[in-house]
Amino acid sequence: MTTKPELLITAGSLEEVERFLKAGATAVIVGESIYGMRMPGQMTLADIELAMPIVRKYHAKLYVAVNNILHNDALKDLPAYLTAIERIGVDAVIYGDPAVLMTIRSSAPSLKLHWNAEMTSTNYATARYWQKRGSSRIVLARELNMEQVLEMKQYLPDMEVEVQVHGMTNIYHSKRHLVQHYLRHTGQEEETAKVGRDRKLFLIEQERQEEKFPVYEDENGTHIMSSDDMCILEDLKLLLDAGLDSFKIEGLFKSAAYNEEVIRVYREAIDAYAADPSGYAFRPEWMERIRLVQDPERELSFGFFYKEQMY
Amino acid sequence: MTNTTNTRIRKYNGKRNRLDKPELLAPAGNLEKLKFAVHYGADAVYIGGQKYGLRSNADNFTFEEMREGVQFAKKYGAKVFVATNIYAHNEDIAGIEAYLLKLQEVGIAAIIAADPVIIETAQRVAPLLEVHVSTQQSIANWQTVQFWKEEGAPRVVLARETSMDEIAEMKAHVDVEIEAFIHGAMCSSYSGRCTLSNHFTDRDSNRGGCCQSCRWKYDLFEDDRPDLTKLVSEEEAAQEPALQPFKLGVTQLPLFQEQQNQFTMSSKDLCMIGHLPDLVDVGVDSFKIEGRMKSIHYVATVVNVYRQAIDSYMADPDHYQLKPEWIEEMNKAANRPVNTGFFYEEPDHEDHIYEPEEKAAPYDFAGLVVDYDADTCMATIQQRNHFKPGAEIEFFGPNGTFFKQTVGQIWDTDGNELDAARHPLQLIRMKVEQPVHYFDMMRKKNR
Ligand code: SF4
């Protein structure tokens with residue numbers, strides 16, 4: 001089998017879209033925070049429209065994130081938004097809240113749907129449930145282990161399966177504005193104005209002084225991120241053998257230069273595999289290249305791929 | 001207790017659907033708690049079975065205990081729901097069907113489920129089980145409520161982030177039962193969207209392994225390295241001091257001072273006793289109390305208070321008054337600070353628990369009345385916590401019947417006088433100043 005899996009990354013601007021595709025990504029995710037969760041930058045409908053020719057030039061795909069947990073007030077403009085996206089001709093919409101499914105059925109029926117409920121997209125039967133309701137892809141939860149990820153395609157031969165291979169993950173999302181609240185509680189009112197991603201805030205838990213958990217706020221509340229970046233590069237072959245359809249790089253909190261380098265490395269690995277699956281072997285220099293750009297304070301880990309979890 | 005109102009706001013012209021009176025839904029961590037919750041006035045209780053629930057706990061019900069619980073509840077016209085609210089992983093799927101069939105067989109009225117694989121399986125194999133869509137689905141808008149209705153769910157449990165106005169809009173759009181948390185501890189995250197426990201302790205929170213990491217303490221810093229990814233080699237950094245922070249990464253600014261409280265996500269508990277009229281009028285069909293891990297004393301006390309308040313309001317809405325003694329009662333079994341969650345305003349900096357928490361509630365469950373002899377005014381009490389003559393105690397029962405007294409002489413069942421009731425479940429005889437009934441509770445003040 002030599003069909004190449006998609007190499008997917010989140011992008012925050014037109015410039016990033018172009019740079020990432022040039023570096024070897026075959027699909028990008030864009031959006032804006034009123035509908036999309038934790039996007040690395042705001043891409044309005046006008047930006048998305050401008051992105052399309054670039055994406056087509058590279059024979060790539062563009063997906064729009066509409067995966068927020070929606071409250072009533074977000075529903076008003078949702079039909080118009082989705083209709084516009086349909087008209088622009090993007091390749092799919094990523095959603096978690098069923099309201100998006102409902103609105104697409106009524107307002108933009110030709111749009112493809114990728115189901116991504118973050119931490120809660122955990123099994124194949126539920127993926128099939130959303131498939132029956134029109135989703136062509138499941139985005140797997142990052143808390144699954146290697147075995148669970150690898151077997152997904154056996155259960156879902158006719159559904160695309162996307163898995164994150166690189167980058168940070170969200171580990172906590174609250175509607176509350178926890179950073180502002182804390183700053184106010186400790187009498188630092190003047191600090192509350194800047195609590196977004198640019199501020200580079202992080203939390204350290206008492207017993208875990210080595211780990212820094214980035215935290216930031218946006219209009220959707222407070223987001224706490226993992227202290228490590230997952231990187232499955234060494235074991236990419238397992239995922240390639242298993243026939244997973246899309247490998248995602250989370251671009252959030254990273255510079256475009258970092259993301260480009262990560263894309264290039266994964267691109268090489270995927271191409272090497274496609275050229276000669278049986279002769280493919282992981283090359284240590286790939287890891288070295290990533291280490292060179294990696295923040296030394298952030299461990300490159302296997303995420304939950306090899307962790308035993310209890311409950 | 002903050003945010004309590006005595007006056008009734010006729011803001012929501014809620015029309016009830018299906019249920020003519022809102023249901024009071026209580027947690028029951030085990031069979032005994034179930035009996036107390038029902039006896040003290042719950043219309044329905046929710047419990048956890050041995051599998052698929054989000055509270056991994058040795059106390060969870062066996063099918064036999066469920067059967068007994070259902071029988072018990074039936075005598076009161078109450079129902080038993082089972083929380084099957086995990087997000088399943090592939091290997092969890094095989095047993096779901098058999099488990100749900102068994103729940104149906106033992107007479108469970110409904111399951112509370114989040115994962116569509118469980119919802120769909122229940123609808124397919126166990127049609128007598130109602131499916132209530134769990135708060136773990138974070139349902140926060142009316143179209144999503146509509147979606148689940150169309151999928152055949154007679155009831156949805158809303159996200160705890162939903163406001164009163166949003167509920168009003170949902171009720172206006174969709175004719176389906178709405179269940180909302182009105183009391184108890186809360187996840188401070190969107191339900192299901194927290195894997196702190198997975199990261200800190202390798203315990204899967206969405207399968208019941210949460211270890212409440214949101215209540216832990218953290219320090220907040222700002223990363224002051226100029227560019228997180230423009231890294232240089234040791235040699236380069238050695239030659240050019242300005243580049244050192246890029247390499248060494250030591251530049252971080254604390255956003256707190258010594259002696260100040262640390263950062264935490266810990267939120268105050270929800271308490272809506274001051275706002276029942278709003279909840280009824282907006283059309284919430286089921287008032288849910290959180291706390292399957294809470295004590296009998298807590299569950300009985302809280303249920304008792306809400307029962308009285310709901311009945312009082314439903315009997316005569318126009319003259320309803322919030323009674324101060326309800327709040328006093330509630331405070332005897334709990335000590336956490338409370339607020340009104342997201343119902344009225346988004347929580348702010350006063351809605352967290354930054355200070356260290358006191359552990360014990362002000363009162364303890366001291367004994368359970370198992371018998372009363374009206375001729376001699378002697379009660380037989382089953383010991384639940386140490387007490388002795390001279391202790392200040394209170395008796396209370398369903399409907400708020402209540403009196404205080406001091407413990408006089410106490411005897412065991414053979415008539416031997418005792419200096420203290422020391423042994424758990426030991427039967428004690430003592431004189432009581434007013435009639436008491438089987439199932440009344442005796443509490444004592446903690447020092
Ligand atoms: S850690 Fe806190 S917010 Fe997270 S699941 Fe547990 S109780 Fe909820």
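We name chains A, B, ... by the order of the sequence lines, and we start the count at 1 in each one.
Of the two parts of B:Phe200, the backbone and the side chain both hold a non-hydrogen atom closer than 4.5 Å to a non-hydrogen atom of chain A. Both the backbone and the side chain of A:Ala117 have a heavy atom closer than 4.5 Å to some heavy atom of chain B. Residue contact with chain B, scored on non-hydrogen atoms closer than 4.5 Å, involves the backbone and the side chain of A:Val179 alike. Contacts between B:Trp216 and chain A at a heavy-atom distance below 4.5 Å involve the side chain alone, from C-beta outward. For chain A, the nearby part of B:Glu346 is the side chain; its heavy atoms alone come within less than 4.5 Å. Looking at B:Ile93, only its side chain comes within 4.5 Å of chain A, counting heavy atoms on both sides. Of the two parts of A:Lys307, only the side chain, counted from C-beta on, holds a non-hydrogen atom closer than 4.5 Å to a non-hydrogen atom of chain B. At a 4.5 Å heavy-atom cutoff, the contact between B:Asn90 and chain A is made by backbone and side-chain atoms alike.
We find that B:Arg193 and A:Glu118 are not joined by a salt bridge, their nearest charged nitrogen and carboxylate oxygen being 4.0 Å or further apart. Taking the charged nitrogens against the carboxylate oxygens, A:Arg133 and B:Glu151 do have a contact shorter than 4.0 Å, which makes a salt bridge.
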Checklist line | Derivation and outcome, ring pair (Phe, Tyr, Trp, His ring centres under 6.0 Å), residues B:His349 and A:His185 | finding: CA-CA 6 Å; B:His349 65 289; A:His185 171 76; 7.6 Å; no
Next item on the list: Could you walk me through whether A:Lys132 and B:Glu120 pass salt bridge (Lys or Arg N to Asp or Glu O under 4.0 Å), step by step?
Entry: CA-CA 12 Å; A:Lys132 273 184 241 150; B:Glu120 199 180 36; 2.8 Å; yes
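Taking the six-membered ring for Trp, B:Tyr218 and A:Tyr182 have ring centres at least 6.0 Å apart.
Closest approach of B:Asn141 to A:Ala99, counting heavy atoms only: OD1-CB, 3.4 Å.
Note on ring orientation: taking the six-membered ring where Trp is involved, the planes of A:Phe304 and B:His199 are perpendicular (angle over 60°, cut-offs 30° and 60°).
Residues meeting the salt bridge (Lys or Arg N to Asp or Glu O under 4.0 Å) test with A:Glu299, sequence neighbours left out: none. Scanning for salt bridge (Lys or Arg N to Asp or Glu O under 4.0 Å) contacts around A:Arg199 gives A:Glu191, B:Glu222, with sequence neighbours left out.
Looking at A:Thr186 and B:Gln257, their side chains never come closer than 4.5 Å, going by heavy atoms from C-beta outward.
Only one option out of A:Leu75, A:Asp97, A:Asn72 pairs with B:Gln143 in a side-chain contact (heavy atoms from CB on, under 4.5 Å); it is A:Leu75. Checked options A:Leu201, A:Leu178, A:Leu183; the residue passing with B:Phe263 is A:Leu178 (criterion: side-chain contact (heavy atoms from CB on, under 4.5 Å)).
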